Amino acid sequence: MWMNSLFGFSLFGTLKHCKTDAASLEPAAKHKPIDYPKPDGVLTFDRLSSVFLSNTNHEEEQPVHLQVKDMELQKTSEYAVYAGPSSRYCPAGVYEWVDADGNALTDGSDVADARFVINAQNCVHCKTCDIKDPNQNINWVPPQGGEGPVYTGM
Ligand code: SF4
């Protein structure tokens, strides 16, 4: 970046990882779960507080703008194989995997009862799900006119 800024070119070119973000995700069984620290409210904040600050607004009965093409694939692969990364990569907490009692599932267990919840009203339209879903099974489309985040400080 600095070579580009200073000299208008870089000896290193552009570094690429030669596959899409979706294809770079590996099955959860190949990795140890990460124990993320809880937000401290000083430097780090919980996702829903940040969604509140974005002034995101969608009508409750909005047309679906987060389209899951195959719900069974979402369960048997995105959840059972990849342990539901959508519940972690979405910055707005839109996606949740829950059991029959509504408790959060994060490890790919209890597949038979696992249910995919989509809190579409919180979406801040970053489009990460469209790019990162390992099966390219989520399609983000523009929401109906004027809905979404309203960043008053930008
Ligand atoms: S577009 Fe971004 S905020 Fe909206 S559901 Fe996808 S990952 Fe979450």
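In this text, all values refer to a predicted model and were calculated from it rather than measured experimentally. As the structure lists them, so they are numbered: ligands from 1, and atoms in each ligand from 1. Quick note: residue numbers are just sequence positions, from 1.
Taking every heavy atom of Tyr95 and a limit of under 4.0 angstrom, the matching atoms of ligand 1 come to 5 (S). Below 4.0 Å from some heavy atom of Cys129 lie the following atoms of ligand 1, by number and element: 1 (S), 5 (S), 6 (Fe), 7 (S).
Both the backbone and the side chain of Val124 come within 4.0 Å of ligand 1, judged by heavy-atom distances.
Coordination check, Cys126 versus atom 2 (Fe) of ligand 1: passed, since an N/O/S atom of the residue sits under 2.8 Å. Not one N, O or S atom of His125 sits under 2.8 Å from atom 8 (Fe) of ligand 1.
The protein atom (non-hydrogen) at minimum distance from atom 8 (Fe) of ligand 1 is Cys90 SG, 2.3 Å. For atom 4 (Fe) of ligand 1, the closest heavy atom belonging to the protein is Cys123 SG, 2.3 Å. The protein atom (non-hydrogen) at minimum distance from atom 1 (S) of ligand 1 is Lys127 N, 3.0 Å.
Side-chain atoms of Glu147 and Gln144 form a donor-acceptor pair, as typed in the model, at a separation below 3.5 Å.
For Asp101 (side chain) and Asn103 (main-chain N/O), no donor-acceptor pair under 3.5 Å exists by modelled atom type.
The shortest side-chain heavy-atom distance between Ser50 and Asp46 does not fall under the 4.5 Å cut-off.
Between Asp70 and Asn137 the shortest heavy-atom distance is O-ND2, 2.8 Å. His58 and His125 get closest at one heavy-atom pair: NE2-NE2, 3.0 Å.
Taking the six-membered ring where the residue is Trp, the centroids of Phe116 and Tyr95 are separated by under 6.0 Å.
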